[in-house]
There are 2 protein chains.
Amino acid sequence: MMKDSGAGGRDRPALSREKVLQKALELADKDGIAALSIRSLAQSMGTKPMTLYYYVANKDQILDSLVDLVFTEIDTPEPGGDWKEQMRRRAHSAREVLRRHPWAVGLLESRKAPGPATLKHHEATLGALRAAGFTVQQTARAYSLLDSYIYGFALQEAALPTAGNKPMAEVAGPIMEQFATGEYPYMVEIATQVVMQPGYDYGNEFAYGLELILDALEPAPAG
Amino acid sequence: MMKDSGAGGRDRPALSREKVLQKALELADKDGIAALSIRSLAQSMGTKPMTLYYYVANKDQILDSLVDLVFTEIDTPEPGGDWKEQMRRRAHSAREVLRRHPWAVGLLESRKAPGPATLKHHEATLGALRAAGFTVQQTARAYSLLDSYIYGFALQEAALPTAGNKPMAEVAGPIMEQFATGEYPYMVEIATQVVMQPGYDYGNEFAYGLELILDALEPAPAG
DNA sequence: GGTGATTACGTACGCTGTACGAGAAGGGTA
DNA sequence: TACCCTTCTCGTACAGCGTACGTAATCACC
């Protein structure tokens, strides 16, 4: 029996590890990480589940690779230039990337094997801080602080019910009606005076905290 | 046919929603959230899978409840007292709780229905900031900043390979050997001069960032 | 005795990841 | 031509998952 472009070393590979991962990323973005199954991935690529295992060891490796793929999208500091501007660019880039791939935030907790892009990113960032005059200890602390803020903000942003791009006011309104009991006056206050204001975008708050942190960080003298 | 303490309203209920959730929490802590299945949960309680559905709507509700259960463990600010001290206590408490339940951090991303303990906690914290003289806008920003840092730090801590309580040096050593290539000099630097130092505990870095943020936060004048 | 509420669970369905092994197609060598 | 070896695809099967549905046992009360 023959196949149209069946098995064996046919014309062009058509499939590849990269294409599998690319499609996995696409699927995770479209339907959420929970909907990413080996079967759904295979179907979306026009092949069968077991075929994927030729290119990938198991699903865990796919998830590891997805996290690394996400890291490739984040701006990496380049040598030279003001360290604050470098960190600012990196932070904003990371936040944007994690907003595009919200599922990646939750994945960070369970992944223990950093990929090459992740390592390169860390290395470049550490290098930028060291070059700016931070001691090794200061670098460790500054990096931990910055990344905690970035990941934490991304985590909160991912947990927001703003699935679509609709303004916050539309989704927050119905929720707030539950609070008519008056049991949560401060939350209602925040909701009505901040969150539901026209044009409000939680993402804009990111810059506030980031600048506050950058202002407080300084290399050299103090340990 | 008769059962020893079978079905129906026998002596005492033996099972209850609270006991189910309590056991679920226990199981998640012991074997990780991935190992928490309806079947394993039922078995650990000496009952059958479908029995749990009398006390719980579905697994998603269990996860929602677990997150809320975790929030009950976090110190809630009480009226009166210095706001910085209140925020400091809350932050350290939250970090400790999230270290005890690392799986909860990853769950935060996917849970969209905050439970009563979560709401009470938020309400109390917002109240403490408002009482300290923060405007509504300042409160929103300060809260976002603090929680981002707390969750982000917890996320990074959860991602660390220090599964047991063994010192960092023991686990970091073997990993660092991969870096003998010299491709990642700055990471090696951090590892050897900071992480692998005897007595080093990443958790202690939490206070550094927290104090830096608290020092930079101030109510009233500036918007 | 009958009835209804409460609690427990047996069976079954569709989904998951993936171990195992069969096979098809091409290149290389004899 | 005949053979094999590598590369790639996929069928089958299994254990585990969440849970819909239906059944049955026990008690309280009429």
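The analysis underlying the following values was restricted to heavy atoms, covering all of them including side chains, and did not include hydrogens, waters or symmetry mates. What you see is a predicted model; the values in this text were computed from it and never measured. Letters go in sequence order (proteins before strands), and every chain restarts at 1.
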TODO: Quickly work out the B:R39 CZ to C:dG10 P distance and round it to whole Å.
DONE: 12 Å
Task: Closest listed nucleotide, where the reference is the side chain of A:P49 and the choices are C:dC9, D:dC10, C:dT18 - done: C:dT18
Task: Minimum heavy-atom distance between A:R17 and A:Y55, given as atom pair plus value - done: NH1-O, 3.4 Å
Open item on the list: Rounded to whole Å, please give me the gap between CD1 in A:I38 and P in D:dC14.
Closed with: 21 Å
- [ ] May I ask you to verify if any side-chain N or O of B:K59 is less than 4.0 angstrom from the OP1 or OP2 atom of D:dT19?
- [x] no
TODO: Let me know the distance between CG of A:L36 and C1' of C:dG17, rounded to the nearest Å.
DONE: 12 Å
TODO: Quick one: closest heavy-atom pair of A:H121 and A:D75, and the distance?
DONE: CE1-O, 3.6 Å
Task: Comparing A:M50 and B:Y54 on DNA chain C - which has the more 5′ nearest nucleotide - done: B:Y54
Open item on the list: If you compare all heavy atoms of A:V195 against all heavy atoms of A:Y200, which two are closest, and at what distance to 0.1 Å?
Closed with: O-CD2, 3.4 Å
Task: Rounded distance (Å) that lies between atom C1' of D:dC17 and atom CG of B:L27 - done: 15 Å
Task: A:D31 CG to C:dT16 P, straight-line distance once rounded to whole Å - done: 12 Å
Open item on the list: At less than 4.0 Å, is any side-chain N or O atom of A:T47 found next to OP1 or OP2 of D:dT9? Yes or no.
Closed with: no
TODO: Check every strand shown and say whether B:S37 touches a base, only sugar-phosphate, or nothing at a heavy-atom separation below 4.0 Å.
DONE: sugar-phosphate
TODO: Using whole Å, report how far CG of B:L41 lies from P of D:dT19.
DONE: 12 Å
Open item on the list: OP1 or OP2 of D:dT19 versus the side-chain N and O atoms of B:Y53: is any pair under 4.0 Å?
Closed with: yes
TODO: Test salt bridge (charged side-chain N to carboxylate O under 4.0 Å, His left out) on B:R90 and B:D147 and set out the steps.
DONE: CA-CA 10 Å; B:R90 184 184 89 93; B:D147 268 20; 2.4 Å; yes
TODO: Could you check how far CD of A:Q61 sits from P of C:dT18, rounded to whole Å?
DONE: 10 Å
Open item on the list: From the set C:dA8, C:dG10, D:dC10, return the single nucleotide nearest to any side-chain atom of B:K48.
Closed with: C:dG10
TODO: Would you confirm whether the ring centroid of A:F153 sits within less than 6.0 angstrom of the ring centroid of A:Y202?
DONE: yes
Task: Interatomic distance, B:L52 CG vs D:dT19 P [rounded to whole Å] - done: 11 Å
